[in-house]
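First the structure, in the form of structure tokens, and then the observations on it.
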Amino acid sequence: MLATIDQVSNQSFDYIIVGGGTTGLVVATRLSEDPSVSVLVLEAGAPNLNDPEILIPAILASQVGKPQYDWGFLSVPQANANGKPVYWPRGKGLGGTSSINIFLFHLPAATDINAFEKLGNKGWSWETLKRYYTKVEKFLVPEVKDDTVRFDVREHGIEGPLEVGYAALSSGYEKLLVEALQKAGINLNAEPFAGDTTGTWSTPLTISPRTRKRSYSANMYYEPHASRSNFTVLTSAHVTRTSLSKVASGEATAESVSFIYEGNEYQAFVEKEVIFSAGAIMSPQLLELSGIGDPDVLQNAGVEVVVDLRGVGNNVQEHSFTGITYQVKEEFESDFSTGDALGDPDELQKQTELYHAGERGLFDAKSSTLTFLPLSAISPDAQAVQEKYLSPIQARIDGGDCPPGLRKQYKLQLEQIKARTPSLEIALFQFNPRWLVPDPKKKYATFWSVLNHPFSRGSIHIKSSNPLEHPVIDPHYFEEEYDARSFAETIKFTRRIAQQEPLKNIFEEELFPGPSVQTDEEIIEFLKEHLMTTAHTVGSCSMLPREDEGVVDNKLKVYGTTNVRVMDISIIPLHIAAHPQATAYAIGELGADIIRNRVDF
């Protein structure tokens, strides 16, 4: 199935795809449907195919941190708002982050997608993307659904490659959470896939109800078609750059891709296009190493400037989150299925045996109830917070004190706030997180609070010409104070929900952060100290007009080049209020059709 170095080195291919992750394997699978073209995928990580650590859906990705896996995770120094390191996961390996994520599969609000087109990207509308979300999905209708699982099968795809369905076993928290939210005036959303994500709802997961295994791009897209003679995949191939030459028009054309394999450097030649699908950290890094980017950045790194493109590595936006943890009262522990017990080796062995015997157990219990809301729905102080902390942003817009592209984005974000578009997220998970040492004999619940539409913008840039040196990541968390203030209101709302019946009755006192964190300033300090990345980084290769510091056009072609594209979530110009897995797949499906001239943009 997988290629050898001799089958790739100094060989020519029509399409070379850099990165065999969530999006890259979709693009490769679709392009290779045409037997007359040859497709090469170069993946830096290992294949990890048929690996039970990936396929068996334990509560969290149990392979994280094990020495036999190198996922390319980064510890970003001085990244959080208090100058401490933040751990940024990356999906280095065949399947990318679809092999290590927490399975959540859902669509953003239609307003989030329509914002792409409003920013100057013709064709990138909800109407268009919805077709590709549907093309990805093979929704397996549950035989029995509880009160928290509602859907309209007409809004789902049923013939796509990716098998998705609802959790096989309730953790026990879902119904209680929905009841508590409803008492606070938050409604149950009957079908968030229809374009309105406001409210609370249970989401499908990328766990196949048919096989009880993880569905991801490697086993649902690549493996069924791996025998195609025109579909070549080389793993453990760390791409270093693409070689560019100038043509008569003054644009640059990619001629080859260089990569390191087992310590030696090789190259493969391209006949048609190079497609970077290396993710929001690696794709801008590789563009810059190839000479595409801001001349100041490139020259400081010792890289010759081939294409002056100042947007590369900028406009970075990330979902940040933190958690509030509660311990379940002893008398209610038997009512809930949580992952905490998997910290006990004996219980882990027992649950593994249950899973392999086809019996339901903790591996099947997933908290998948998500809540997406605007600030106005969760905070009695929303208007005051918005007036005080959005006014400086509005003043910069009015005074022309921010770049034109950012000004357009900010205007859209302000419009979304006025329209009460969901921007904040709450999710309840059935385990005790890493920042506490759980007692595997106890049961816990953790509310994750997530900031989805940040105003702060970060950057990702190379600091040298060494392709093995990690780029400099500066997320600029909370640079815009509104981000911190709206995030703090989410924490306060989450606490109110935890103290709403019927949840109040089952929890002991708050375990983390605890009673010492109460005032707004204490909450913000807590956020600065403990916020984490969700690994939902976007924007570093933004799809925007070139004059707005865009990197790719609406056909995902890199400005100033004839045959280089970027296809991954780095092209998202304005962040979506959603876990981006479904969107990463949809970008791959749409991108492949763009290359094949099947869409009229």
Side-chain angles (χ1 to χ4, degrees), residues 1-9 11 13 15-32 38-58 61-73 89-101 103 161-163 206-208 211 213-240 257-266 268 275-279 281-283 286 468 535 567-568 581 584-585 588:
M1 291 173 61
L2 298 170
T4 65
I5 187 62
D6 291 338
Q7 294 172 306
V8 174
S9 177
Q11 301 300 309
F13 300 86
Y15 297 98
I16 298 179
I17 298 171
V18 179
T22 311
T23 306
L25 288 182
V26 174
V27 177
T29 300
R30 293 306 187 190
L31 293 180
S32 64
S38 56
V39 179
L40 169 65
V41 175
L42 295 171
E43 167 54 44
N48 301 326
L49 296 172
N50 299 312
D51 189 332
E53 295 278 7
I54 293 172
L55 295 175
I56 297 176
S62 61
Q63 72 273 23
V64 172
K66 290 192 174 182
Q68 67 265 41
Y69 297 92
D70 174 15
W71 292 115
F73 287 11
R90 295 198 293 176
K92 183 181 176 184
L94 208 59
T97 52
S98 70
S99 65
I100 59 172
N101 62 25
F103 312 106
L162 193 71
E163 295 185 0
T206 48
I207 300 171
S208 170
T211 65
K213 294 179 180 179
R214 180 189 291 272
S215 296
Y216 71 120
S217 63
N219 67 350
M220 293 291 161
Y221 276 86
Y222 167 62
E223 287 192 83
H225 308 289
S227 62
R228 291 175 181 166
S229 60
N230 64 332
F231 192 177
T232 304
V233 175
L234 181 67
T235 57
S236 301
H238 187 110
V239 171
T240 60
V257 173
S258 299
F259 60 94
I260 295 172
Y261 181 84
E262 294 185 350
N264 298 309
E265 188 161 13
Y266 300 89
I275 300 156
F276 286 104
S277 296
I281 296 175
M282 196 71 179
S283 286
L286 288 171
L468 300 181
M567 294 184 181
D568 54 40
Q581 177 178 202
Y585 280 108

Quiz prompt | Donor-acceptor pair, side chain of S217 and main chain of G21, under 3.5 angstrom | solution = yes
Exercise. Search all heavy atoms of D568 against all heavy atoms of T23 and return the closest pair with its distance.
Key: CA-OG1, 3.9 Å
Quiz item: With no hydrogens and no angle check, is any side-chain donor or acceptor of S283 less than 3.5 Å from a backbone partner on A278?
Solution: yes
Quiz item: Would you find a donor on one side and an acceptor on the other, under 3.5 Å apart, between the side chain of S98 and the backbone of T22?
Solution: no
Quiz item: Between T240 and E265, is a side-chain hydrogen bond (donor to acceptor under 3.5 Å, both in side chains) present by the stated rule, with each step listed?
Solution: CA-CA 9 Å; T240 60; E265 188 161 13; 3.3 Å; yes
Practice problem: State, to 0.1 Å, how close R214 and I100 come at their nearest heavy-atom pair, and which atoms those are. | Solution: NH1-N, 3.8 Å
Quiz item: Are the side chain of S9 and the backbone of I5 linked by a donor-acceptor contact shorter than 3.5 Å?
Solution: no
Quiz item: Which word best sums up how the rings of Y585 and Y221 line up, parallel for under 30°, tilted for 30 to 60°, or perpendicular for over 60°?
Solution: parallel
Quiz item: Any idea which heavy atoms bring Y15 and L31 closest together, and the distance?
Solution: CG-CD1, 3.8 Å
Quiz item: Counting distance only, does the side-chain N/O of T206 pair as donor-acceptor with the main-chain N or O of Y216 below 3.5 Å?
Solution: no
Quiz item: Is there a donor-acceptor pair under 3.5 Å between the side chain of S277 and the backbone N or O of G19?
Solution: no
Quiz item: Between V27 and M567, what is the shortest heavy-atom contact and its length?
Solution: CG2-SD, 3.8 Å
Self-check item: Where A218 and L94 come nearest, the two heavy atoms and their spacing
Solution: CB-O, 4.0 Å
Self-check item: Non-hydrogen atoms of N101 and F103 that approach each other most closely
Solution: OD1-N, 3.0 Å
